[in-house]
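Here is the structure we will look at, set down as structure tokens.
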Number of protein chains: 2
Amino acid sequence: MSRLRGSVTIDDVARHVGVAKGTVSRVLNNYTDISENTRKRILKAVQELGYQPSATARNLKRGRQDTLGIVIPVGHGNGADPFLAEFIDGIARALDELGLDLLVTTAHSREHLITTLKRLIARRKVDGFIVTRTEVDDPRIAYLMEQKFPFVAHGRTGDPSSYAWFDIDNETTFADGVRHLYSLGHERIGFLGGSLDLNFARQRRDGYRQGLEALGLAHDQDLETLQAISEKGGFKGAQTLLSLDGPPTALLCATDALAIGAVQFCRKLGLQAGSDVTVIGYDGLPVGEYLDPPLTTFSQSAQEAGGRVARMLIDVLDGKSPQSLQALAKAKLIRRASDGAPSMTSEALALALRNRLNQQPLSGSKGE
Amino acid sequence: MSRLRGSVTIDDVARHVGVAKGTVSRVLNNYTDISENTRKRILKAVQELGYQPSATARNLKRGRQDTLGIVIPVGHGNGADPFLAEFIDGIARALDELGLDLLVTTAHSREHLITTLKRLIARRKVDGFIVTRTEVDDPRIAYLMEQKFPFVAHGRTGDPSSYAWFDIDNETTFADGVRHLYSLGHERIGFLGGSLDLNFARQRRDGYRQGLEALGLAHDQDLETLQAISEKGGFKGAQTLLSLDGPPTALLCATDALAIGAVQFCRKLGLQAGSDVTVIGYDGLPVGEYLDPPLTTFSQSAQEAGGRVARMLIDVLDGKSPQSLQALAKAKLIRRASDGAPSMTSEALALALRNRLNQQPLSGSKGE
DNA sequence: AAGTGTCACAAAACCGGTTTTGTAAGTCAA
DNA sequence: TTGACTTACAAAACCGGTTTTGTGACACTT
């Protein structure tokens, strides 16, 4: 595996002009102690020979890689996360303007996540990390802080006080969601969430509770269900909640994937999402617009978030204090057609559901 | 932006043991001319000090980066490509096993694509490239071949004879699609494709034509439409084809995004996809399963393709001849529910459509 | 006229590894 | 016993840059 690309080096340029290589370097790095004449000759030679400095050699001396890293957790669900794809796009765009690059690796378990982090740090392949999908008690963040290695988190952990992060105000967003549903006329509002290990899932659940409390609505533990964050999980969650004696007339879902599965369950029972049952998601996935009914969802621009986080990390590398780099954004409700005033009360819904279920016993989940 | 990570160097290890640093290097690289005793002492010190070699320094000498690059075209559509997300996952997994990493950059125009390629090559940040979404006449591939820089393409170009590639047999797949539709009873089969600059789009169109010919069906140019590869494009394409005097009873779409838009158009007109009109996509997007109706589609494993391509690139770097690294795979039809026997003839469909269109004039496209 | 700066560049050190070259000590055959 | 090989390692060169140090030529004071 040899990669002996016989490319032009700084020595070639120096020899071509007849100066020392240090001089060439100084010209290229805009030092002032070079005569105009020499500068021109060197620049011309650089042009002619098509010289570009080797990032590796430069990095070795500078101790910097001009490369940021991101480790993506994969495999604990089905396929890649559409949010992350746009997020990475946003990062790459921001970095491109600064001449930095992004190293992407994946990890399929918690241990592997840390192993990969360690390897990249030890080998000095990156200058800093972007951490996504933070957990309440996140081993990656613990490790990076312990190592004092620069990073920025997209999402917070249980104690977000001492590192840089960018996050959505999940609590407020979900409290707003509850308020929105209440204003539509819903009083029994269900929450379909994900594992509380994930910080955003916990915050969204908390926001849901806060929303209920602010409105003086009773909190009913039965109206909360936590599932795997996937369409399948959404299907099961909707099944759980709608099988209650007093089913919710609206389902606030922690992600679009959950909402999509919930809508599917409704359709399976012949319920119209948007009138018989209201379903709201979160993520603003483009495909939501093409579902039936088009999905009402909270949206943040993943691309924008990526750019923002990348720039924050660069600030950290420039020596800014991480504590001063903490920002909260709000998600926007995109109303499409899966929400609306309830067409029946919880009691009527329960009755309708009982009839359907008797007619048509469930197969448990959509199967292949 | 200083990154003076005071980490352990090979000199520290050498001094700690009392040997020359070359000796340490030889131990770590499994040279045989080291006594068992010395080897043990060095290994112990490495362990104790937690030494890990700097990738940068090693790369400088070796002239190799242990890093592969991928440049993703973005921005000429809406958001990130879900296929690519899984594809990258597949690459990253394969590379992880070999201790290599993946550098991801994005480019938002043709020129930018080449600029980025040039920069990465000149700066020697990567050892080879993976090129995706090949065009019939692809400037990236032309450039890489001219530079003799190692790469593997996912997808072919007009002349795929002299480089390494992995591709789906688009022609056969789409010819099979036509055969499948014919066997269901369809005789007027439409094709909803994308720009012929993209090689896969062209091949799928060609496969469609070949399928018709093999079955002795007439080829009607009106039954082909090319649109932007997006849900919006699919919506417009379906509108175009179904507005014909003799509309197709089945739509073979070049991608899932197109199919999703086409199904939306059908729904808007009150047509049931799967009976009134058959729609088949290509990509096997997971979300297709949760559409109404669940989308019938051709599928290839993006993740598998990523792994395959990564391993091919490593073979190229190891010196294998690119010509010997060319592989064609087949996509599999995943039958869900958007295809079926036609419920009406083309004439009946035309009549039905005319009535709908009079009742309910179109807004042109789905709006916000 | 000698001392002092400045200018513009050369020369060399350095970053942290790998690889080549050199060599003292031990082994073996003649 | 001596020359030829091994063995096991030290020393140095090298990768391609950046940065520090050194220096000759000239201008400018006093």
Side-chain angles (χ1 to χ4, degrees), chain A residues 1-43 45-46 49-66 99 121-125 127, chain B residues 1-43 45-46 49-66 99 121-125 127:
Chain A
M1 215 202 266
S2 66
R3 195 89 312 89
L4 315 167
R5 303 201 46 67
S7 35
V8 187
T9 73
I10 198 170
D11 276 316
D12 296 330
V13 177
R15 212 170 310 126
H16 191 259
V17 182
V19 295
K21 66 175 182 170
T23 305
V24 177
S25 177
R26 302 173 80 73
V27 166
L28 294 176
N29 290 288
N30 296 314
Y31 279 63
T32 51
D33 62 345
I34 303 286
S35 74
E36 200 47 43
N37 177 21
T38 307
R39 172 185 303 279
K40 271 196 195 127
R41 280 164 54 221
I42 289 177
L43 254 24
V46 165
L49 301 178
Y51 167 72
Q52 285 219 239
S54 148
T56 315
R58 165 182 291 175
N59 294 342
L60 179 57
K61 178 65 183 182
R62 285 203 183 150
R64 187 183 0 134
Q65 315 309 129
D66 290 340
I121 292 177
R123 300 264 160 108
R124 277 140 281 179
K125 288 201 81 158
D127 298 325
Chain B
M1 214 201 265
S2 66
R3 194 87 314 90
L4 316 166
R5 302 202 45 67
S7 35
V8 188
T9 73
I10 199 170
D11 275 316
D12 297 330
V13 177
R15 213 169 311 128
H16 190 261
V17 182
V19 296
K21 66 174 183 172
T23 305
V24 176
S25 176
R26 303 173 78 72
V27 165
L28 295 177
N29 290 288
N30 296 314
Y31 279 62
T32 51
D33 61 347
I34 304 286
S35 75
E36 199 47 42
N37 178 21
T38 307
R39 171 184 305 278
K40 271 195 192 127
R41 280 165 54 222
I42 289 177
L43 254 22
V46 165
L49 300 177
Y51 167 72
Q52 284 219 237
S54 148
T56 314
R58 165 181 293 174
N59 293 342
L60 179 56
K61 178 65 184 185
R62 286 203 184 150
R64 189 188 353 141
Q65 312 310 126
D66 289 341
I121 293 179
R123 298 265 161 108
R124 279 140 279 180
K125 288 202 80 158
D127 298 325

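Lettering follows sequence order; numbering is per chain, from 1.
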Ignoring the backbone of B:Ser35, work out which of D:dC9, C:dT18, D:dA11 is nearest its side chain. D:dC9
Among the nucleotides D:dG17, D:dC9, C:dA10, which one has an atom lying closest to any side-chain atom of A:Thr23? C:dA10
Please give, in whole Å, the distance from D:dG17 C1' to A:Tyr31 OH? 12 Å
A:Lys125 atom NZ is separated from C:dG17 atom C1', nearest whole Å, by 15 Å
In this structure, how many angstroms lie between the C1' atom of C:dC9 and the CD1 atom of A:Ile42, rounded? 9 Å
Looking for any heavy atom pair under 4.0 Å, which part of the strands does B:Ser54 touch: base, sugar-phosphate only, or nothing? sugar-phosphate
Could you please name the option among D:dA8, C:dA8, C:dG17 that lies closest to any side-chain atom of B:Thr38? D:dA8
Phosphate contact (C:dG17 OP1 or OP2) by B:Tyr51 side-chain N/O below 4.0 Å: yes
From CD1 of A:Ile10 across to P of D:dC14 the rounded distance in Å is 18 Å
Less than 4.5 Å apart, side chain to side chain, heavy atoms only: is that true for A:Leu43 and A:Arg39? yes
By nearest-nucleotide position on DNA chain D, the 5'-leaning member of B:Lys61 and B:Arg26 is B:Arg26
Among D:dG17, C:dA10, C:dG16, which is the nearest nucleotide to the side chain of A:Leu60? C:dG16
Residue A:Asp33, side-chain heavy atoms: nucleotide from C:dT19, C:dG16, C:dA8 that is nearest: C:dA8
Any sub-3.5 Å donor-acceptor pair from B:Arg124's side-chain atoms to B:Ala122's backbone N or O? yes
To the nearest 0.5 Å, what is the distance between CD1 on B:Ile34 and CD1 on B:Ile42? 6.0 Å
Can you tell me which residue among A:Arg123, A:Arg64, A:Gln65, A:Arg58 is in a side chain to side chain contact (heavy atoms under 4.5 Å, CB included) with B:Thr56? A:Gln65
Using whole Å, what does the distance between atom C1' of nucleotide D:dC14 and atom CG of A:Asp11 come to? 11 Å
Of the listed nucleotides (C:dT18, C:dC15, D:dG17), which one gets closest to any side-chain atom of B:Lys21? C:dT18
Judged by each residue's nearest nucleotide on DNA chain C, which is more toward the 5′ side, A:Asn37 or B:Thr56? A:Asn37
Round to the nearest Å and state the distance from A:Arg58 atom CZ to D:dC15 atom C1'. 16 Å
Do B:Asp66 and A:Lys125 touch side chain to side chain, with heavy atoms closer than 4.5 Å? yes
Taking for each residue the nucleotide of DNA chain C bearing the nearest heavy atom, is the 5' side occupied by B:Thr9 or by A:Gly22? A:Gly22
Starting the side chain at C-beta, find the nucleotide from D:dA11, C:dA10, D:dG17 nearest to B:Ala20. D:dA11
How many whole angstroms separate atom CG of A:Asn29 from atom C1' of D:dG17? 9 Å
In whole Å, I'd like the distance from the CD atom of A:Gln65 to the P atom of D:dG17. 16 Å
